[in-house]
Amino acid sequence: MKIAVLKELASGEQRVSASPETVKKFTGLGATMAVEKGAGQSAAIADADYEAVGASVGTRAAVLKDADIVLGVQGPEPKSLKGIKRGAWLVASLNPFGERERVDEYAGLGIDALAMEFMPRITRAQSMDILSSQSNLSGYKAVIEAASHYGRAFPMMMTAAGTVSAAKCFVMGVGVAGLQAIATARRLGAQVSATDVRAATKEQIMSLGAKPIFVEDVAGIEGEGTGGYATEMSEEYQKAQAELVSKHIAKQDIVITTALIPGRRAPRLISDAQIATMRTGSVIVDLAAEQGGNVEGAVAGEVVEKHGVKIYGANNMPSTMAADSSALFARNLYNFLSAYWDEETKRPVLPDDDEVTLGIRLTKDGKVVNERLLAN
Ligand code: NAD
């Protein structure tokens, strides 16, 4: 049973899919670990660190040869998998909707492509959920970025020279990233408010000491679809929400947007006209910039200035904290594979009718088999 760990080739990707900790644990389960040379370098893990826990380090061709399981952070280009054996598993964040053609190519290679971001949101899969582990760090970093682009302080300060008032920070979308953004902004001393379409978040916002900003009295605002995900909202709701946001946003210094709907373009939450009402020097961080953006004019990977407001479009935020994000990502992959480990054959076995298998398996025996992907 050989597990290969790839070096990430995607531009700007600094994470790695295995850490010395998880390599050691996989070895303990009876697997042979092969790590591509330099795989951990940008996440502060040296080749020698992997060797010290029993992995071999070699070229891509050498690690792929005879590998039963291939681990990655982002889905590798199919042509970079030359030499992978048929029936091998590819376990990574495969961006199945965004890279649909690639999924067909994985099927063509005869491998089982397992998309970790399709992990069902069920209790037993919580420790395997890369979206949660990575979003948590993104929420934290969004506030740090906002603070560094803001030409003022976050906390209220009473000094001999006078008082500096606290920054007003508004978080839109209170999932894993949003909750961490609220907590981080509070720790920095901002006055925090937040909104979401899921009514259940109201209590969570208050429990973190922030003020909930919610559209009330509009039909169909529950906003909760299957698996804890948001659904697309009714037109009436969207209109009411836009009005509420317009009023609130004009008084904010910092806005962090995190709203995503899986498989679809991110919902537009802030228009150019709304940005124009904010005071000069305010900062918006759009964590959904890569999925089309919650904020009009946001560009992933750039800071653009509109009406005197800086708009930071996040681009792979977890990669900017590669040491921590890799450690958590690696644990998610280990928690997944070890949960299905068969003691006798010393390899993981995924039952065809298992909820996790059905959720994450994209390809099998040369075909695309994932329901969610086929339905889209
Ligand atoms: P997400 O990344 O899918 O979306 C971020 C947030 O944006 C969500 O709270 C969503 O409701 C909100 N949103 C979407 N459209 C919006 C709009 N138009 N306006 C305002 N807000 C909007 O969400 P997430 O962070 O992955 O988490 C969603 C929920 O799922 C949370 O309750 C989380 O605890 C739960 N969860 C459970 C598991 C598990 O049980 N294994 C794993 C992950 C998340």
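Only this structure's heavy atoms are used, side chains among them; waters, hydrogens and symmetry mates stay out. Order of appearance sets the numbers: ligands from 1, and atoms from 1 within every ligand.
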Residue from K168, R279, K310 passing salt bridge (Lys or Arg N to Asp or Glu O under 4.0 Å) with D253: R279
If I apply the N/O under 3.5 Å rule, does A125 come out as touching ligand 1? no
Structural part of D196 in contact with ligand 1, heavy atom criterion under 4.0 angstrom: both
Could you tell me if any non-hydrogen atom of M172 lies under 4.0 Å from any atom of ligand 1? no
Counting only heavy atoms, tell me which of R198, Q126, Q204, R264 gets closest to atom 32 (O) of ligand 1. R198
Please work out whether the ring planes of Y334 and F26 are parallel, tilted or perpendicular, with thresholds of 30° and 60°. perpendicular
Checking the N or O distance criterion of under 3.5 Å, is ligand 1 in contact with S132? no
Using the six-membered ring wherever Trp is involved, compare the ring planes of H149 and Y312 and label them parallel, tilted or perpendicular (cut-offs 30° and 60°). tilted
Should you measure from each heavy atom of P267, which atoms of ligand 1 turn up under 4.0 Å away? 15 (N), 18 (N)
Check L131 against ligand 1 and report side chain, backbone, both or neither, counting heavy atoms closer than 4.0 Å. neither
Would you say E305 has more than 12 foreign heavy atoms packed within less than 6.0 Å of its CD? yes
Counting from 1, what ligand 1 atoms have a heavy atom of L269 closer than 4.0 Å? 17 (C), 18 (N), 19 (N)
State, to 0.1 Å, how close R15 and P318 come at their nearest heavy-atom pair, and which atoms those are. NH1-CB, 3.6 Å
N/O separation below 3.5 Å, T123 to ligand 1: no
Between T201 and Q204 (side chain of the first, backbone of the second, donor and acceptor by atom type, cut-off under 3.5 Å), is there such a pair? no
Value for CG (D196) from OG1 (T258), rounded to nearest 0.5 Å, stands at 7.0 Å
